[in-house]
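Values below: all heavy atoms of this structure, side chains included; hydrogens, waters and symmetry mates excluded.
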Amino acid sequence: MEKMQMRTPLVEMDGDEMTRILWQMIKEELLLPFMDLKTEYYDLGLASRNETDDQVTVDAANATLRLGVAVKCATITPNAARVEEYGLKEMWKSPNGTIRAMLDGTVFRTPILVKGIEPCVRNWEKPITLARHAYGDVYKNAEMKVPGAGKAELLFTASDGTQMREVIHTFDGPGILQGMHNTESSIASFAKSCFNYAVDTRQDLWFATKDTISKKYDHTFKDIFQEIYDTSYKETFEKLGITYFYTLIDDAVARVMKAKGGFIWACKNYDGDVMSDMVSSAFGSLAMMTSVLVSPSGVYEYEAAHGTVQRHYYKHLKGEETSTNSVATIFAWTGALRKRGELDGIAGLVAFADKLEAATIQTIESGRMTKDLAQITSLKKVTVLNSQDFIREIRRTLEAM
């Protein structure tokens with residue numbers, strides 16, 4: 001069989017722990033036998049980030065801006081325990097946060113639906129896409145522990161030297177402080193990406209914050225969204241018969257639980273992080289969700305929405321068998337390959353990505369799946385496969401197709 005040819009490389013960002021093992025399996029079983037895979041490789045594993053003082057993450061982001069399409073494996077964001085485990089120079093920041101800030105994009109996450117895996121919320125009939133702002137807030141915070149009594153103030157010094165000052169709290173004893181920020185330009189990019197995605201996919205767009213409590217910070221998000229919608233998108237939305245809807249975040253959560261799905265839910269950075277995990281889990285599994293970072297300039301970075309599956313990795317190191325779901329990681333590759341094919345005008349590459357996704361879904365719907373899906377499926381005849389055998393089954397399905 002003649003292998004599929006690529007013209008422009010993808011930016012390939014390798015990762016950590018069990019997902020790094022799956023990454024190599026996917027390449028060996030599902031990609032390299034069928035195509036002449038071209039990538040520009042960056043090792044974003046924690047050891048490599050530590051060795052390069054995290055410069056490799058910056059280099060990978062710049063390569064993505066240059067080549068236009070990237071695919072990323074799940075990576076560790078270290079805490080104190082990881083610093084000790086890996087002997088790190090410092091507690092390096094989230095690579096996802098660094099990349100998102102440099103690309104100035106929005107993360108769109110959508111559940112992967114298969115027959116036999118019904119959502120926990122019975123009325124959800126269609127996928128709910130989470131649009132997560134990919135800059136600022138708690139992910140770019142500054143924080144400190146307050147040692148004792150004193151006054152905490154928020155201070156802004158303008159470029160001309162003038163100052164604005166706001167008292168945060170007067171402490172009677174020890175406590176903690178956190179400062180967050182965002183920029184109007186980033187919020188505007190977030191809004192435009194959400195409106196464009198809604199137009200492209202012909203879906204209603206919901207947006208939610210807590211502007212009743214955060215009357216300046218969150219309210220600015222609300223105002224910018226509304227202004228951009230009114231001036232640039234309202235007419236298009238009305239022609240397409242789709243709706244832009246704003247509400248409070250707590251009201252949105254209640255409405256989502258009663259909705260049928262089939263819409264985009266735009267959230268601030270932290271809200272999107274939490275709610276995307278909730279939605280993906282309720283639809284079946286954290287490993288059954290696509291994730292793509294889209295920048296206003298048309299740059300795309302595809303990844304799995306879940307973590308590095310640490311528990312399975314430790315079992316793997318002991319030589320024990322694992323049954324790790326690789327679907328989201330497979331779909332990260334197919335998303336990137338499809339977009340590369342679209343941008344380069346290679347219809348065969350798009351078709352290959354479509355077939356690999358179809359083979360993955362068909363394998364599960366035929367009753368061959370990993371343990372996490374077997375525990376929640378309504379299918380009667382199920383074969384539980386280990387990590388590698390599941391990927392090999394997908395290959396057999398793909399070859400038959």
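For the atom pair CD of E17 and CD of Q310, the computed distance is 5.0 Å after rounding to the nearest 0.5 Å. Separation of atoms OG (S378) and CD1 (I117) is listed at 7.0 Å; rounding is to 0.5 Å.
In terms of modelled atom types and a separation under 3.5 Å, the side chain of E303 and the main chain of C73 share no donor-acceptor contact. Looking only at distances, no side-chain donor or acceptor of S326 sits under 3.5 Å from a matching main-chain atom of T329. Of the possible donor and acceptor atoms, one in the side chain of R20 sits under 3.5 Å from a partner among the backbone N and O of G15. One N or O on the side chain of T231 and one on the backbone of E227 form a donor-acceptor pair closer than 3.5 Å. Using a distance-only test at 3.5 Å, with no hydrogens or angles considered, a donor-acceptor pair links the side chain of S366 to the main chain of T363. S323 contributes a side-chain N or O that, together with a main-chain N or O of K371, makes up a donor-acceptor pair within less than 3.5 Å. Remark: side-chain polar atoms of N182 are paired, donor with acceptor, to backbone N or O of Y135 under 3.5 angstrom. Looking at R122, its side chain never comes within 3.5 Å of a backbone N or O of P119 through a donor-acceptor pair.
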Step-by-step salt bridge (Lys or Arg N to Asp or Glu O under 4.0 Å) determination, K215 to D211: CA-CA 5 Å; K215 299 182 186 297; D211 66 283; over 6 Å; no
Derivation and outcome, side chain to side chain contact (heavy atoms under 4.5 Å, CB included), residues T106 and C194: CA-CA 8 Å; T106 296; C194 291; 4.2 Å; yes
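Heavy-atom minimum distance, W23 versus K72: CH2-C, 3.5 Å. In this structure, I264 and A198 approach most closely via the heavy-atom pair CD1-CA, 3.5 Å. Nearest heavy atom pair, residue S387 against residue M18, reads OG-CE, 4.0 Å. Smallest separation of non-hydrogen atoms from D218 and K210: OD2-N, 2.9 Å. What you find for S276 and R109 is that their closest heavy atoms are OG-NH1, 3.1 Å. Residue I128 comes nearest to W124 through the heavy atom pair CD1-CE2, 3.6 Å, listed as atom of the first residue, atom of the second, then distance.
Ring orientation note: the planes of F195 and Y244 are nearly perpendicular, at an angle over 60° on the 30°/60° scale. Relative orientation of the Y270 and Y139 rings is tilted, given thresholds of 30° and 60° on the angle between their planes. Between F190 and F225, the ring-plane angle classifies as perpendicular under the 30° and 60° cut-offs. Classification of the Y233-F237 ring pair by plane angle, with boundaries at 30° and 60°, yields perpendicular. Taking the six-membered ring for Trp and thresholds of 30 and 60 degrees, H316 and Y313 have nearly parallel ring planes, at less than 30 degrees apart.
Inter-residue side-chain proximity for L31 and L337 is flagged as met; some heavy-atom pair is nearer than 4.5 Å. A 4.5 Å side-chain heavy-atom check between Q203 and T129 finds at least one atom pair inside the cut-off. Two residues are said to be in side-chain contact when any heavy atoms from C-beta on lie closer than 4.5 Å; E12 and K38 fail this criterion. Inter-residue side-chain proximity for I168 and K151 is flagged as unmet; no heavy-atom pair is nearer than 4.5 Å. In this structure, R49 and I76 have side chains that are in contact, with non-hydrogen atoms separated by less than 4.5 Å. In this structure, L113 and F283 have side chains that are in contact, with non-hydrogen atoms separated by less than 4.5 Å. In this structure, the side chains of M275 and V253 come closer than 4.5 Å at one or more pairs of heavy atoms. Residues V292 and E301 have side chains not in contact (no heavy-atom distance under 4.5 Å, counting atoms from C-beta outward).
The aromatic ring centroids of H219 and F221 lie 6.0 Å or more from each other. Proximity of the aromatic rings of W333 and Y302 is defined here by a centroid distance below 6.0 angstrom, and this criterion is not met.
The cationic atom of K234 (NZ for Lys, CZ for Arg) does not lie both less than 6.0 Å from the six-membered ring centre of Y229 and within 45° of the ring axis.
For I176, the CD1 atom sits in a loose shell: 12 or fewer heavy atoms of surrounding residues, nucleotides or ligands are nearer than 6.0 Å. Counting non-hydrogen atoms of neighbouring residues, nucleotides and ligands closer than 6.0 angstrom, the NZ atom of K260 reaches no more than 12 such neighbours.
A donor-acceptor contact under 3.5 angstrom links the side chains of E143 and N141, judged on distance only.
Considering R395, E393, Q24, R396 as possible partners of E29, the one that fulfils the side-chain contact (heavy atoms from CB on, under 4.5 Å) test is R395. Looking at W265, F245, Y246 one by one, the single match for ring pair (Phe, Tyr, Trp, His ring centres under 6.0 Å) with W206 turns out to be F245. Partner of L44 under the side-chain contact (heavy atoms from CB on, under 4.5 Å) criterion, out of D16, I99, D54: I99 alone.
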